[in-house]
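Computed from a predicted model, the values in this text were never measured in an experiment. Reminder, nothing fancy here: chain letters follow the sequence lines and each chain counts from 1.
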Number of protein chains: 2
Amino acid sequence: MARRNDHSREQLKDLAIESVFNIVDSDECATVTARAVTQGMGYTVGTLYLVFSSIDDLLLQVNAELLKRLHSDMQFAVKNEVDPQATLFAMAKCYFLLAEHYPGRWKLLSRHREKLGDEETDNIVESIFTLVETELARLAPIRNNKEIAIAARALWSAIHGICVVNASSHLRHRVHYDARSLVRTLIHTYLSGFMSDNIAPPT
Amino acid sequence: MARRNDHSREQLKDLAIESVFNIVDSDECATVTARAVTQGMGYTVGTLYLVFSSIDDLLLQVNAELLKRLHSDMQFAVKNEVDPQATLFAMAKCYFLLAEHYPGRWKLLSRHREKLGDEETDNIVESIFTLVETELARLAPIRNNKEIAIAARALWSAIHGICVVNASSHLRHRVHYDARSLVRTLIHTYLSGFMSDNIAPPT
DNA sequence: TAACTTATTAAACATTGTTTAATTTGTCAA
DNA sequence: TTGACAAATTAAACAATGTTTAATAAGTTA
């Protein structure tokens, strides 16, 4: 089945995704062009369309791969921590470190969140939320399933938002203290409120 | 000074910004092209470059305008609420409603946050944060300036993050309950933790 | 060995941002 | 009033992208 090079469709996909990583890792502001991607794989532009339906399709699959790795990192955190709160810190750290160490990859992730994702991507995101929910449930038994689900999304949104602000911090900010402690403070403060049995907010 | 049409540079700027609004309001997924913008103003593409240095420059000024209006809305909220917590709810609502009623405009805002902003834009953002800080300070006198500043950014990041997730919710979410109450719950929970004198998080 | 299949490419096309040279329009001085 | 100048506006060109298509080349198989 293989021709000129011994690369199956699957291998071509991996090559392309790898090439995208190389591009955004070398320069987080670089634009991922079809020609740059295929040049990085040692192919020409047409080959990309043999394996992906469009550039957006490629980037979608890149993001799916990123999310899979994130989920894997977070699972590792769950295994290595005992305290639920410590686990949540560790999981948040996984996300934060992705943004800090691989800003280019993380920007792909946050830039394409707006576009419609396919079912696979959504499922990975769901599995990530499930990890968070499990810890929240252990931490605040007084909360019901719905409250847990909402809290997981709110908390994760907040962490994501901090990464966004951090990524776009132009040094010029009046308050600049590091995003790492910002995340820690956020989780701590939020959980403190979440665990106490305060009354429901006004409607 | 005016020639063919009686449009000063300033008027051309306003026309262009208005045209961008029209484009993204009519279809939040529409791409804002130079030709579409100028066609909407009744000019041709070259005129745009008489007034803006690039498309990015135009979008930057569009975002500045959006932020100005947001700040104005939030100031209005401050005037019309007495309780600090109610004021914070009202301010968050301003941002949330922008995302809900003008998703196209809001996407411009969140999409271009990553690009380096000019000083003017940063100043507007700072003034918005100042409004939030003022209410937080009234609410939690035990917190010092730095804590207030961090809390304002964390809280706002969280609200922004919720809007992001909401904007990209593909109906398919297992938990879908409305973002409005998500924001309310988040603020309530966060403030509950912020106002109590819990210990500092572990380092 | 020859026909066929298909991976791969080179070239073409459409759409964008941006620049440039031409054109049109108003202003002002003689 | 008219002719020269300045400025606004445009049409056309250019480069970089995503995408498609027709040609080419390499392997497979009868």
Notebook entry, point to check: Which nucleotide sits closest to the side chain of Arg35(A): dA8(D), dT18(C), dT19(D)?
Noted result: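 Between dA8(D), dT18(C), dT19(D), the one nearest the side chain of Arg35(A) would be dT19(D).
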
To the nearest Å, how far apart are [X] [atom1] and [N] [atom2]?
X	N	atom1	atom2	result
His7(A)	dA7(C)	NE2	P	14 Å
Asp56(A)	dG18(D)	CG	P	10 Å
Leu12(B)	dA7(D)	CG	P	16 Å
Glu10(B)	dA8(D)	CD	C1'	17 Å
Ile55(B)	dA16(D)	CD1	C1'	15 Å

Margin query: How long is the straight-line distance from CG of Leu67(A) back to OG of Ser72(A), given to the nearest 0.5 Å?
Written below: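 Ser72(A) OG to Leu67(A) CG: 12.5 Å, rounded to 0.5 Å.
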
Note to self: Let me confirm one number: the CD1-CH2 distance from Ile187(A) to Trp156(A), rounded to the nearest 0.5 Å.
What the structure shows: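 One finds 8.0 Å between CD1 of Ile187(A) and CH2 of Trp156(A).
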
Is the shortest side-chain N to carboxylate O distance from [X] to [Y] below 4.0 Å?
X	Y	answer
Glu120(A)	Lys68(A)	yes
Glu135(A)	Arg138(A)	yes
Arg105(B)	Glu18(B)	no

Strictly distance-based, threshold 3.5 Å: is any side-chain N or O of [X] a donor or acceptor partner for the main-chain N or O of [Y]?
X	Y	answer
Arg184(B)	Arg180(B)	no
Gln11(B)	Ser8(B)	yes
Ser19(B)	Leu15(B)	no

Note to self: Within residues 37-51 of chain B, which residues have any heavy atom lying less than 4.0 Å from an atom of DNA chain D?
What the structure shows: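 Contacts with DNA chain D under 4.0 Å: Tyr43(B), Thr44(B), Gly46(B), Thr47(B).
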
Item checked: Pairing string, 5' to 3', for DNA chain D - Watson-Crick or wobble contacts under 3.5 Å, brackets [ ] where pairs cross, | to another strand -> ||||||||||||||||||||||||||||||

